[in-house]
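Here is the structure we will look at.
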Amino acid sequence: MTDHGWKKWEVIGLLLVLAAGNLLHFVYEWSGKNPIAAAVSGVNESPWEHMKLLAVPWIVWSLVEFIVLRRSRLPVLAARAAGLLIGVAAIPLLYYGYTGVTGQNISLVNIVIFQLAVLAAFGVSWLVLDRRWFCGLFWQILGGTVLAGALALFVWWTYQPPQLPVFTDPVTQQRGMAE
């Protein structure tokens, strides 16, 4: 693979994560509130569930990108973990920032926040790959651990959400899969 071949995979990933994240917003409802679909899709309008809409396709794409680029010696897992952390942090920061200032929860703004968070995440991933930061084996292992741990938490906390505001749907005031 050429030195710049990874850029093609990052652009493809950006488009796929944006599309998949937007579609996953509806999968739980479309599935008739199937508890299996809940593991990977948004089950309510909480900031946490919007973070999951970024995390799930991001982590799946990270595995694809890691497999495709495995011989490139690029810090793929470290780059993807760093991007994920920035993206999922951006969602609650921007959400609580604008709702704190306006006192309103606006669906269109939430959609834009998701798009911005995905762009920020890919920006960080791109930067880490381009600059070849975190290239050692330790960083790859740490990156893989962060990605696997994040996926586990996003699934687990769908079914057993902690008693924290980030897990609370601002419309229904319920957490997790409400029934």
Side-chain angles (χ1 to χ4, degrees), residues 6-69 76-77 79-99 105-129 143-144 146-159 161 166-172 175-178:
W6 62 268
K7 292 178 180 178
K8 169 183 72 172
W9 290 99
E10 285 283 289
V11 171
I12 293 168
L14 169 66
L15 298 174
L16 288 175
V17 169
L18 283 169
N22 284 300
L23 286 174
L24 286 173
H25 190 275
F26 306 102
V27 167
Y28 180 63
E29 290 292 327
W30 290 344
S31 74
K33 297 189 177 183
N34 183 308
I36 296 171
V40 297
S41 59
V43 299
N44 64 40
E45 294 297 323
S46 71
W48 178 260
E49 292 297 318
H50 284 89
M51 293 160 65
K52 184 167 64 170
L53 299 177
L54 184 154
V56 169
W58 180 275
I59 294 166
V60 170
W61 183 253
S62 296
L63 179 62
V64 170
E65 195 170 10
F66 175 71
I67 291 167
V68 169
L69 299 174
V76 174
L77 293 177
R80 304 298 295 163
L84 176 66
L85 294 174
I86 293 300
V88 297
I91 290 171
L93 289 172
L94 293 171
Y95 172 78
Y96 288 118
Y98 98 83
T99 57
N105 178 28
I106 305 165
S107 294
L108 180 60
V109 175
N110 295 340
I111 293 167
V112 171
I113 286 173
F114 171 78
Q115 310 299 325
L116 291 173
V118 171
L119 290 172
F122 270 97
V124 168
S125 180
W126 185 289
L127 186 63
V128 170
L129 290 170
V146 166
L147 293 169
L151 182 60
L153 288 175
F154 276 102
V155 171
W156 180 27
W157 285 341
T158 294
Y159 303 104
V166 73
F167 294 92
T168 304
D169 183 323
V171 177
T172 66
R175 295 176 303 110
M177 299 183 319

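Formation of a donor-acceptor pair under 3.5 Å by the Tyr96 side chain with backbone atoms of Pro47 is not found in this model. Within the 3.5 Å criterion, the main-chain N or O of Phe122 finds no donor-acceptor partner in the side chain of Trp58.
The structure places CG of Leu54 at 5.0 Å from CD1 of Ile91, a figure rounded to the nearest 0.5 Å. To the nearest 0.5 angstrom, Ile59 atom CD1 is 7.0 Å from Phe154 atom CZ. Distance NE2/His50 to CD1/Ile113: 9.0 Å, rounded to 0.5 Å. Separation of atoms OG (Ser125) and CH2 (Trp9) is listed at 14.0 Å; rounding is to 0.5 Å. One distance of note links CG of Leu94 with CZ of Phe114; it measures 13.0 Å at 0.5 Å rounding. Atom-to-atom distance recorded for Trp6:CH2 and Leu129:CG is 5.0 Å, nearest 0.5 angstrom.
Considering all non-hydrogen atoms of both residues, Arg175 and Thr168 come closest at CG-OG1, 3.6 Å. Closest of all the heavy-atom pairs between Ile86 and Val124 is CG1-CG2, 3.7 Å. Closest non-hydrogen pair, Asn105 versus Asn110, comes out as OD1-ND2, 2.9 Å. Closest heavy-atom contact between Ala121 and Gly83: CB-O, 3.1 Å. Between Leu53 and Ser41, the closest heavy-atom pair is CD2-C, 4.4 Å. The two residues Val88 and Ala55 make their nearest non-hydrogen contact at CG1-CB, 4.3 Å.
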Please test Val60 against Val17 for side-chain contact (heavy atoms from CB on, under 4.5 Å), starting from the C-alpha separation and ending with a verdict.
CA-CA 9 Å; Val60 170; Val17 169; over 6 Å; no

Go through Tyr159 and Val155 one step at a time and tell me if the side-chain contact (heavy atoms from CB on, under 4.5 Å) criterion holds.
CA-CA 7 Å; Tyr159 303 104; Val155 171; 3.9 Å; yes

Report the C-alpha separation of Val40 and Lys52 in whole Å, then their side-chain angles, then the decisive distance to 0.1 Å, and conclude whether the side-chain contact (heavy atoms from CB on, under 4.5 Å) test is met.
CA-CA 7 Å; Val40 297; Lys52 184 167 64 170; over 6 Å; no

Walk me through whether Leu147 and Leu84 qualify under side-chain contact (heavy atoms from CB on, under 4.5 Å).
CA-CA 8 Å; Leu147 293 169; Leu84 176 66; 3.8 Å; yes

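Around CZ of Phe66, the count of heavy atoms belonging to other residues, nucleotides or ligands within 6.0 Å does not exceed 12.
With respect to Glu10 and Arg80, a salt bridge is recorded, a charged nitrogen being found less than 4.0 Å from a carboxylate O.
Of the candidates Phe167, Tyr95, Trp156, Trp48 forms a ring-ring contact (aromatic ring centres under 6.0 Å, His included) with just one, namely Phe167.
Residues forming a salt bridge (Lys or Arg N to Asp or Glu O under 4.0 Å) with Glu45 (at least two apart in sequence, or on another chain): none.
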